Amino acid sequence: MPVRALGVCYYPEHWPEEMWAEDARRMAETGIGFVRIGEFAWSRLEPRRGAYTFDWLERAIETLGRAGLKVVLGTPTATPPKWLVDEMPDMLPVGEDGRVRGFGSRRHYDFSHEGYRAECARIVEALARRFGEHPSVAAWQTDNEYACHLTALSYSEAALKGFRDWLGRKYQSPDALNRAWGNVFWSMEYASFEEIELPNVALTEPAPAHVMDFRRYSSEAIVSFNRLQADIIHRFSPERDVIHNFMGRTLSFDHFDLGADLDVSSWDSYPLGFLDQWAHREPGFKAAFARAGDPDLQALHHDLYRATSNGRWWIMEQQPGPVNWAPHNPVPRDGMVRLWTWEAFAHGAEVVSYFRWRQAPFAQEQMHAGLLRPDSQPAPGHAEAAAVAREIAGLDLPMPGRADVAILFDYPSAWAWTTQPQGKEFDYFRLVVECYNALRRLGLSVDFLDAKSADPSPYRLVLAPGLFAWPEHLRAALAGLGGIALVGPRSGSRTPDFAIPAALPPELPAPLDALKVTRVETLPPNLTVPMDGRPGAFRIWREMLEVEDAHVLLRSRDGEPTLAGAGSLRYLAGWPDEALAFDLLKSLAEEVGLATLDLPPGLRLRRAGGLAYVFNYGGETVRLSEHGLTGRFRLGGDDLAPSGVAILEG
Amino acid sequence: MPVRALGVCYYPEHWPEEMWAEDARRMAETGIGFVRIGEFAWSRLEPRRGAYTFDWLERAIETLGRAGLKVVLGTPTATPPKWLVDEMPDMLPVGEDGRVRGFGSRRHYDFSHEGYRAECARIVEALARRFGEHPSVAAWQTDNEYACHLTALSYSEAALKGFRDWLGRKYQSPDALNRAWGNVFWSMEYASFEEIELPNVALTEPAPAHVMDFRRYSSEAIVSFNRLQADIIHRFSPERDVIHNFMGRTLSFDHFDLGADLDVSSWDSYPLGFLDQWAHREPGFKAAFARAGDPDLQALHHDLYRATSNGRWWIMEQQPGPVNWAPHNPVPRDGMVRLWTWEAFAHGAEVVSYFRWRQAPFAQEQMHAGLLRPDSQPAPGHAEAAAVAREIAGLDLPMPGRADVAILFDYPSAWAWTTQPQGKEFDYFRLVVECYNALRRLGLSVDFLDAKSADPSPYRLVLAPGLFAWPEHLRAALAGLGGIALVGPRSGSRTPDFAIPAALPPELPAPLDALKVTRVETLPPNLTVPMDGRPGAFRIWREMLEVEDAHVLLRSRDGEPTLAGAGSLRYLAGWPDEALAFDLLKSLAEEVGLATLDLPPGLRLRRAGGLAYVFNYGGETVRLSEHGLTGRFRLGGDDLAPSGVAILEG
Amino acid sequence: MPVRALGVCYYPEHWPEEMWAEDARRMAETGIGFVRIGEFAWSRLEPRRGAYTFDWLERAIETLGRAGLKVVLGTPTATPPKWLVDEMPDMLPVGEDGRVRGFGSRRHYDFSHEGYRAECARIVEALARRFGEHPSVAAWQTDNEYACHLTALSYSEAALKGFRDWLGRKYQSPDALNRAWGNVFWSMEYASFEEIELPNVALTEPAPAHVMDFRRYSSEAIVSFNRLQADIIHRFSPERDVIHNFMGRTLSFDHFDLGADLDVSSWDSYPLGFLDQWAHREPGFKAAFARAGDPDLQALHHDLYRATSNGRWWIMEQQPGPVNWAPHNPVPRDGMVRLWTWEAFAHGAEVVSYFRWRQAPFAQEQMHAGLLRPDSQPAPGHAEAAAVAREIAGLDLPMPGRADVAILFDYPSAWAWTTQPQGKEFDYFRLVVECYNALRRLGLSVDFLDAKSADPSPYRLVLAPGLFAWPEHLRAALAGLGGIALVGPRSGSRTPDFAIPAALPPELPAPLDALKVTRVETLPPNLTVPMDGRPGAFRIWREMLEVEDAHVLLRSRDGEPTLAGAGSLRYLAGWPDEALAFDLLKSLAEEVGLATLDLPPGLRLRRAGGLAYVFNYGGETVRLSEHGLTGRFRLGGDDLAPSGVAILEG
């Protein structure tokens, strides 16, 4: 029976030491198994250079351990103390506007700064030597939420130096770089790598290949920053998992690359804030789900991050009540904390850890709920967590196997289309989300695959929307699928050097190798391209195809091919609206023999390990059998109340 | 019979000296008694360091005096001349973005700069020695509109030094500061005061207590800057009033603290610009009142600023026609200049002074109307001013006594909720305005009280919305009221150190001492919390209460307590919409025996000194007796035309 | 028969030399006569200081020449190479925010920098000496799109020095400047020109005359920058035309002043981007014309720029398909490339040159269509260009003579009302566009005249909306018109020193010399001023007039005069909405004997040289005879399909 456990985030340094033992006792009583601590505590671990004060942390670990709790120990590198910043002020990051971002909150460091990296190695090694083999230390968290607060890209001297070195290694000669970037275009040619600037100073847009390389460089800087810590921990803390806690919708570094150095991926799930702040939903939808969260976005992140670390993943921070940072912060509907927790388990989480044990009455996050109120009384989320603890104790929950549908995901594509969107609504992540929405409405379960390395061959249906440039292996792999690959829009439209392929995109393999995108357009809000004889339309993005008539599967009402296909390949020449995405994916699913449903907006399903997990995000009770969901109930029953969770066999 | 007079703002330096005597004669003929001069004239008073050229000012004062006019002499410190700025360029303020704000308009100085303070003391003393006992000088104005153009907060070196010193005096030790600010939270701990930065450099929000202390420091800097001038004037110009002209809706310094050093408060009233620029009203309302102004905002400021200086107050600048600075600048409806003037007298103004005598044909404010056109012909406002002059001459107008209702107002609360709004619509001033709107619709007259020092005991109904932290005396005072105190939402929700009270807010006195706010939520625009069995709903902000059932007076439809009460205390657990605010305050008023009306949106009433002043902001004639307004008319009659003013006895 | 030819923009440096000859052959085959080259090639013409590498350019010119093509040679000064920028980094421009704008795109230079001017003179002279008399070089283009990317105003040290010198020459003494700017207003007086700052540092708005002089200085800097190049070219390349390519809606320098140094004006016409980005049209209108462009904006620019260079003008860059830079970039409807080309010829273009020959697959503009696709196959625009080439070959197309209606246009007015709009919707260009829209709906053809120098006397109807200050000659000229002049709103409302005239505006000549604007107002979006007894209303802007009753031709429903007139003069006291503009201009046209139509929104007409050119921007076929358009067809016929062009005699 796989690990299924609850955790919580705890800050012993925030509370009198007298409270620790009682807190630990109550955590254990609640059914919590893991406690994350320490990740912002540098000023308490080393108040002056070299003056390590680790004893309190040891006492905290032991207090927790005595209650039977396992500790996840955070490295404190997201919050360098003031004395360190004052020693090397050029470690501070610089914004796109050229202003130095300083001390006073968190994440005030530059990933490129060699001096700060050395300091991080020093403190991490000191911690790992002291606690690496402590029996209560089960795992480590590196830093905290890399790239949060827009920190992936820094425009500092350190970044400039690092970027120039990186370009030198990549291109070897300025001429090679000039050719790759197309610098002849506006006399942007460089005679030496020392002439190159960061892409935040030009009067209008810089060369897109310039920006793209800076994005790659910056992503690699984060990956190597993390690897430095992971290597030290692995050396001094054998058999412990190294984890990082990703944030939602953070696209500014390649999570697959970073995940390769982790034992376990994790992420910080705040459903209500995510819906309010960045879900692309109509105002009415947002109001209807304001207390529940977007019905698909948590699941999407579960599936995406599961793919970054060989399937092992946690929720490191689970919203336990209202939070403090979104434009509006409503109270979750009763039951939603339980639902969110269960949904993570359905998608294969080993641990769901709540942020945080007790609401802090001071500092920036004092309005962020915990499982306990500031006065140590249980907050409403506490009982829901305890209920899940009881429920998972009695159930055998196999990990999910391979899903039927795969979406190829690619962080560089997000960078590319941010650099050159061509239409202001074109957003890579939104395109992926809307594909995912349609699959979820169909009741299908999804795996995400890293486009640059994944093998899609086991999947019956594979989606490859919006891929910037083809990884070499991938075209062949898609051509040879047993199932069907739906490619496009915009996939394969660039070379890795951010140029249009010489023979025009999308450069599909045979039998669609002759298909060409001859021009594209972006559509203003009131302009769509309706399909001919089928529901739905293109919006936002549309391509004109040159394609053999025999391969045309669908046309627009204005007579242009919109879907082409042959063999295992399908090419979609535009951004589908909801009706088109649903209709098209339903057809393809049926073509490959996948059974589909048509679930209402608030009802969502995840199949895993022979079980069907059903979640009611909506505000009304739903009768599951009316939606094609029947079987023996392990949890819940046919009438699923708002915030309800059901588990069916089969 | 109290002083009731008109004034005008005049700039002799803008006009040929030959025009002064005729201008003075016409002012007197218009019925004007007071003339403010000199407040931007530093470059004419001291064109080079030490070269005082005060003679022209003396001639101007004497010319005015000969016409029977009294002079309000402005200190010119809002416009330091270029030679002074070039001598000490670090006197310039710095914006939140780190850019120095320079010469070329006005207010280009830093309140923290010791060198500039010394220069201000020098020029003020020179003026006060020369003119302090001049028989035509009746009063002084210090500087001009402190904090206008967002100048309350400067992020300069001078401010940094001043702030560190202030923190040192307040906290004595860095450890005490670290504890107060909760700096352990993200390793933000300081080892010395010299390590502390201004709160405009961090990557994400700084500690709220850090911001709050900077707001307190900055407010005190303005207060002490003004006190420096007031003390000099009081020394050299005995028996003259020291006045400052506040701006509307300026919350960035504590006007009560500053007012303590004034003999008379005044403010600059521009009804049409205020409505267009910052009133929270629907577009239809704004269009309907575009030529009249918000029917409540002038009155609110009259009542608020009256409280800052022991009841003595003026309008220093009254809009006399279209202005130049709002997004749109319509012409006032005929009669509105008279109405605004009368409304100020109704609320107790001693003097209403128009800005300005003659429209300037040059420089920044050339599109700002005066009582005269640039060609010296009367503008439409001139006749309205003259009409008021005739009317007040014939009437005995007692000053207003205590109103029946009090609102506790608190500038630090505005700073606190700007720092940590929790929901983007949460705005302290708007909350107060909407309470005031409801009281005005009920026909009630209002006093504002300084929350940190006021004694609410004489009032039958006291409102305390949105108070950041309890002043110690206030809880006891509210508990002991003869009338009723309506507290909340959000009142008392923080300690002075910007932390959640240990036993949870709101820490009411007995008999509601057990009531606790256990969690709060902010609501997106389409989500409200309707009341159960009563009109209206919460919007924007809502709290969950732990309270004895016996104290619950009202619940929401979802079953949560929304109003609790016992004895003289009521606690409101959310932001009331218009319907709820009206219904609730009507009930409370009736409970304490206050008679209420239900006035239409454009009809407004102020009772003072046994008289009822009625104002028609609306576009249609209103029959007053149909709205419960009857009595003997001192001015006007039962049918009140648009822009009309009536005064009834009783 | 006048020149009527097609051209294309070509970048030999972007393509292997082996492709040049075939490209040239195909251009000629398409019917193209002119090829613009070289304008961004500095890094290829001088890769290191002094190392001229002009041979490739000579080979390109000769290759094109051998195919019968004429070359327009661009000076490369819009893209200084990196080595030059690194030699003199203070040549970089500075934004209003104080940040240096750097290398990495284009236009990274300061017009005021003397060192960079010398470098431009050097490279232009070297090119002109080498190629000035080459038989295939027919013309030159100076630089590229002056002021694009907001580069007209730079806030650099070089600009500050240049501005101070310019002010010294203009005013001779600081006192004269102080008087002209009204610096007494807020003690803004200067004792020396060295004290003056650029107008981007003040806390609130600087003196409007300060801004106005900086705008004048900056415009003159651009004009003299261009003149430097034009003079060199004229010296070394006799009998060749010097051309510059203006951008649409660029108001930041005086195109009339710059045009005086050109032989031919040209502009870059991108109809779809202009509609999406800055046309003031309702969303429904924008969607309906998203694939056609605004039906009036191209024509307006044709008429405007034709006036800047004695009637000789080109389109240097014509949109040939979807572009890359607007918020949305749809595909033009079939036929629109032909329509746009024909419309330019109708308005008198000598050459219409497409941008560009082949779509570049790399760098910033890789999503910008060409006549060829990146794979060298023809894009859809290619066939439309070829069709026009065939059509113009067979037709005699006289140049347009004088139109019946003139609009006085004035760049300084755009600067003035940007500096002091008084209402946020007041936009000078929009006011002109809306007058032009009404004239076009009436089927009238329009000439633009430079307000500061033009002679309006030959025109039957002259419009003078929104003129900042009266050029001395103009008032007399308007008074003596044979036809009618419609003046206002806001015309003549300032002296050249940005002051209100002493006797109040508009200072019209007799018989309206007594008319005065006594006050003005700006109207919020929901407030209009309907006319009494006529259609339409004022919006945005409205003036109150003092005028003899006998001169009042129209009043508002609230009784104020809105149109006054006597003799040849009419004065309009507000911003007319569409209905009022149409009704008023129709009346005036009829009064002077001009026949009018009432064309539907998509149907547009231009009369020129005895021909009537008709264009169908709309999506439906139109029967011309139903709209009063009949005659012998030279091109097209009575039923005009979408995107159709017809030419009628008479």
Side-chain angles (χ1 to χ4, degrees), chain A residues 11 13-14 40-45 47-48 76 78-83 86 92-93 95 97 99-108 148-151 276 283-284 286-287 290-291 321-322 324-331 359-367 369 373-375 377 379-380, chain B residues 97-99 178-192 194-211 420-426 493-495 497-504 516 518-528 540 542 544 546:
Chain A
Y11 299 88
E13 69 273 26
H14 292 181
F40 295 127
W42 197 331
S43 73
R44 290 294 169 98
L45 295 169
R48 298 183 314 282
T79 51
K82 190 65 180 1
W83 59 261
D86 286 346
L92 293 170
D97 60 1
R99 287 186 68 207
V100 175
R101 300 294 194 258
F103 188 84
S105 59
R106 59 179 181 175
R107 304 216 56 71
H108 41 282
C148 191
H149 312 311
L150 304 175
T151 48
D276 191 43
K286 285 200 175 193
R291 299 189 187 285
N324 66 305
W325 51 265
H328 310 91
N329 297 293
V331 163
Q359 182 174 351
F362 50 77
Q364 281 90 335
E365 295 180 351
Q366 56 186 265
M367 295 297 278
R373 306 185 329 202
D375 64 353
Q377 293 302 305
Chain B
D97 61 1
R99 287 185 67 208
N178 287 331
R179 280 192 300 273
W181 290 9
N183 281 341
V184 63
F185 193 68
W186 281 342
S187 277
M188 299 175 293
E189 293 172 300
Y190 303 103
S192 101
E194 294 311 298
E195 288 182 356
I196 296 168
E197 310 279 2
L198 295 176
N200 69 324
V201 299
L203 270 147
T204 181
E205 51 173 333
H210 183 174
V211 180
Q420 201 172 75
Q422 180 68 7
K424 72 176 185 174
E425 286 82 10
F426 195 98
S493 57
R494 291 295 183 279
T495 71
D497 287 333
F498 218 121
I500 298 173
L504 299 191
K516 295 184 190 210
T518 61
R519 56 179 178 173
V520 305
E521 65 175 353
T522 49
L523 302 166
N526 294 319
L527 199 60
T528 61
I540 299 175
R542 184 246 195 124
M544 305 297 183
E546 194 171 272

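We name chains A, B, ... by the order of the sequence lines, and we start the count at 1 in each one. If you're wondering where the values come from, they're calculated on a predicted model, not measured in any experiment.
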Using distance alone, with no hydrogens and no angle criterion, decide if R519(B) and Q359(A) have a side-chain donor and acceptor under 3.5 Å apart.
no
Nearest-0.5 Å distance that lies between atom CZ in R179(B) and atom CZ in F362(A)
12.5 Å
With chain A as the partner, which of I540(B), T495(B), L523(B) has the greatest number of non-hydrogen pairs under 4.5 Å?
L523(B)
Of the listed A360(A), P76(A), P327(A), P322(A), the one with the largest count of heavy-atom pairs under 4.5 Å with chain B is P327(A)
Atom OG1 of T204(B) and atom NE2 of H108(A): how far apart are they, to the nearest 0.5 Å?
12.5 Å
If one checks every heavy atom of R106(A) against chain B at 4.5 Å, the contacting part turns out to be both
Flag the one option from P421(B), P524(B), P199(B) with the top tally of heavy-atom pairs under 4.5 Å to chain A.
P524(B)
Which value, rounded to the nearest 0.5 Å, describes the distance between E521(B) atom CD and H328(A) atom NE2?
11.5 Å
If you count heavy-atom pairs within less than 4.5 Å of chain B, which of V331(A), D86(A), D375(A) leads?
V331(A)
Checking A78(A) against chain B: side chain, backbone, both or neither under 4.5 Å from a heavy atom?
neither
What residue, out of P283(A), P374(A), G321(A), P380(A), has the most heavy-atom pairs lying under 4.5 Å from chain B?
P380(A)
Is there a donor-acceptor pair closer than 3.5 Å between any side-chain N or O of R99(A) and the backbone N or O of D97(B)?
yes
Contacting region of F498(B) [heavy-atom separation from chain A under 4.5 Å]:
both
Quick check on A209(B) against chain A: is it the side chain, the backbone, both or neither that has a heavy atom closer than 4.5 Å?
neither
Would you say Q366(A) and Q420(B) make side-chain contact, with heavy atoms under 4.5 Å?
yes
Do you know which of E189(B), E197(B), E194(B) makes salt bridge (Lys or Arg N to Asp or Glu O under 4.0 Å) with K82(A)?
E197(B)
Can you tell me which of G423(B), P208(B), P525(B) forms the most heavy-atom pairs within a distance under 4.5 Å of chain A?
P208(B)
Using modelled atom types only, decide if a donor and an acceptor are shared between the side chain of N329(A) and the backbone of Q422(B) within a distance under 3.5 Å.
yes
Determine whether K516(B) and R373(A) make a side-chain contact, defined as any pair of heavy atoms from C-beta on separated by less than 4.5 Å.
yes
Minimum side-chain heavy-atom gap Q377(A)-T518(B) below 4.5 Å:
no
For the side chain to side chain contact (heavy atoms under 4.5 Å, CB included) test, which of L150(A), T151(A), L92(A) pairs with L203(B)?
T151(A)
Region of P47(A) in contact with chain B, defined by heavy-atom distances below 4.5 Å:
neither
Do the side chain of E13(A) and the main chain of V184(B) share a donor and acceptor less than 3.5 angstrom apart?
no
For the pair E365(A) (side chain) and F185(B) (backbone), establish whether a donor and an acceptor sit closer than 3.5 Å, ignoring hydrogens and angles.
no
With a 4.5 angstrom heavy-atom cut-off, could you sort out which part of R48(A) is near chain B: side chain, backbone, both or neither?
neither
Looking at L504(B), N183(B), D497(B), which makes the most heavy-atom pairs under 4.5 Å with chain A?
L504(B)
Using a cut-off of under 4.5 Å for heavy-atom pairs, which of V520(B), I196(B), I500(B) has the most such pairs with chain A?
I500(B)
Is chain B contacted by the side chain of R107(A), its backbone, both, or neither, given a heavy-atom distance below 4.5 Å?
both
A290(A) versus chain B, the contacting section by heavy-atom distance below 4.5 Å:
side chain
Please state whether the side chain, the backbone, both or neither of Y11(A) comes within less than 4.5 Å of a heavy atom of chain B.
neither
Can you tell me if S187(B) uses its side chain to pair, donor with acceptor, with the backbone of W42(A) under 3.5 Å?
yes
With only heavy atoms counted, which part of W186(B) is less than 4.5 Å from chain A, the side chain, the backbone, both or neither?
both
Looking at chain B, which one of S105(A), P330(A), G104(A) has the largest number of heavy-atom pairs inside 4.5 Å, strictly under?
S105(A)
Distance, nearest 0.5 Å, that separates CG of L527(B) from CG of D276(A)
10.5 Å
Taking the side chain as C-beta and beyond, is there a heavy-atom pair between K286(A) and N526(B) under 4.5 Å?
no
